[in-house]
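For reference, the structure discussed in these notes is given below.
Computed from a predicted structure; not experimentally measured. What's counted below: heavy atoms across the whole structure, side chains too, no hydrogens, waters or symmetry copies. By convention in this document, chain letters (A, B, ...) are assigned in the order of the sequence lines, proteins followed by strands, and residues within each chain are numbered from 1.
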There are 2 protein chains.
Amino acid sequence: MSKDALPGLTLCNNAMLRRAARKLGQFYDDVQAPSGLKATQQGLLYQIHIGGEPAMGAIAAALVMDLSALGHTLKPLIRDGYVETFADPDDRRIKRVRLTPRGLVKLDEAMKLWQVAQQRFEDVIGKDKAARLRAALDEIAALDFDLPPAS
Amino acid sequence: MSKDALPGLTLCNNAMLRRAARKLGQFYDDVQAPSGLKATQQGLLYQIHIGGEPAMGAIAAALVMDLSALGHTLKPLIRDGYVETFADPDDRRIKRVRLTPRGLVKLDEAMKLWQVAQQRFEDVIGKDKAARLRAALDEIAALDFDLPPAS
DNA sequence: CACCAATAGTGGTATATGCCACTAAATGAA
DNA sequence: TTCATTTAGTGGCATATACCACTATTGGTG
């Protein structure tokens, strides 16, 4: 069997997803670079902002992200003074997160650039297609792969 | 706790893409774990396999990945003896990559698990929808965001 | 030939993410 | 109340990825 006959990685849903994520991530990062925030950081700040002093676990769940990964990602943002954490008074296991005033300003700044990137992407790909894509991606993020055997 | 009233990050194409990539990546990784390879590594081995001793730059281009990122990602695979590199005799700047016999065996093993993950995902999401999704993702990976140079 | 610009990779540094082992705090019995 | 269990985070380690500065080659030019 010749290698040339083998199907490319175009068939792998996961590989395609990652590849597109790299491409789009580079684009959004590029546009948002002047703010000093990566697109991921801007998204995280936004999530915290609209979350109402969310618990770390809540953020991680919303972003379908490992809790420890969230903790690591948060560190540069805390170091730079954009977010701060505090223990929930009713349950000291819970650590809540909020933006600092400085973080709020920075988020504002980054959001303006985000709009530019978002707009340009949708101009290029088409608004409808983008909406359909997001719907599909949302569905994937919500999937449950668990096999339904004994329980 | 439904904060779905606010314009969540569901609107950001990039955030949605990353989130779905995390989710799907975790699933594929999980299924492929018994092989000892991450899904990304399996994809990379596969790309090398079908590439015919590709140059590093060619791999990076195919995967829409930074060249230096590829170099770093390759290191564990070289360390574990799955791939090896050699200089192109006609152009010593170029470094070509190939699978070792051991790498080929490992790829075979991982591909069997990949099929399981791939199959299960498509069972859950629907084969048509998966195909359409891959097409959209392929399109994104091929986009050119450069502003028209107004020449 | 001598030089300079373009090309291909390397290494360092930083963020993004995941898993695992471990700690602390709350919970649910016994 | 006491103790096992569950829940929420932390820290360490490893891979994934990007950008930048730097090196080694190759090619084109005067």
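OP1 and OP2 of dT15(D) both lie 4.0 Å or more from every side-chain N or O belonging to R18(A). Distances shown here put a side-chain N or O of R92(B) below 4.0 Å from the OP1 or OP2 atom of dT26(D). Contact between the side-chain N/O atoms of R79(A) and the OP1/OP2 oxygens of dT15(C) is found at a separation under 4.0 Å. Phosphate contact (OP1/OP2 of dA16(C), side-chain N/O of T40(A), threshold under 4.0 Å): present. The phosphate of dA16(D) (OP1 or OP2) has no side-chain N or O of K75(B) nearer than 4.0 angstrom.
Toward the 5' end of DNA chain D, the nearer of the two residues P89(B) and T73(B), judged by each one's closest nucleotide, is T73(B). Nearest-nucleotide positions on DNA chain D place G71(A) closer to the 5' end than the other of G71(A) and A69(B).
Side-chain contact annotation: Q118(B) with Y28(B), donor-acceptor N/O pair under 3.5 Å present. Using modelled atom types and a 3.5 Å distance limit, the side chains of D30(B) and Q26(B) yield no donor-acceptor pair.
Checked against dA18(D), dG18(C), dT17(C), the side chain of D66(B) finds its nearest nucleotide in dA18(D). Of the listed nucleotides (dA26(C), dA8(C), dC13(D)), dC13(D) has the atom at the smallest distance from the side chain of H72(A). The listed nucleotides are dG18(C), dA16(C), dA26(C); the one nearest the side chain of Q41(A) is dA16(C). Of the candidate nucleotides dT15(D), dA18(D), dC19(C), dA18(D) has the atom nearest to the side chain of Q26(A). The side chain of K38(A) has dA16(C) as its nearest neighbour among dC19(D), dA16(D), dA16(C). The side chain of P76(B) lies closest to dT15(D), out of dT15(D), dT25(D), dT17(D).
To the nearest angstrom, P of dT15(C) lies 13 Å from CG of D29(A). Atom-to-atom, CE of M65(A) to C1' of dA16(C) comes out at 7 Å; the value is rounded to the nearest Å. Distance M56(A) CE to dG11(D) P: 10 Å, rounded to the nearest Å. Atom P of nucleotide dT23(D) and atom CG of D91(B) are separated by 20 Å, given to the nearest angstrom. Atom pair D30(B):CG and dC19(C):P shows a separation of 7 Å (rounding to whole Å applied). Rounded to whole Å, the distance from CG on L74(B) to P on dT17(D) is 12 Å. To the nearest angstrom, P of dA18(D) lies 13 Å from CG of L24(A). The interatomic distance linking Y28(A) (OH) with dA16(C) (P) rounds to 17 Å, in whole Å.
Among the heavy atoms of the strands lying under 4.0 Å from I94(B) are primed sugar atoms or P, OP1, OP2 only; no base atom is included.
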side-chain contact (heavy atoms from CB on, under 4.5 Å) for Q42(A) and L107(A)? Distances and angles first, verdict last.
CA-CA 6 Å; Q42(A) 179 264 322; L107(A) 175 57; 4.3 Å; yes

Under the side-chain contact (heavy atoms from CB on, under 4.5 Å) rule, what do E122(B) and N13(A) come out as? Steps first, then yes or no, please.
CA-CA 9 Å; E122(B) 300 202 343; N13(A) 301 290; 3.1 Å; yes

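Contact between A110(A) and L37(A) at its shortest, heavy atoms only, is CB-CD1, 3.8 Å. The shortest heavy-atom contact between Q41(B) and P76(B) is NE2-CB, 4.2 Å.
Counting distance only, with no hydrogens placed and no angle test, the side-chain atoms of R93(A) and the base atoms of dT7(D) include a donor-acceptor pair under 3.5 Å.
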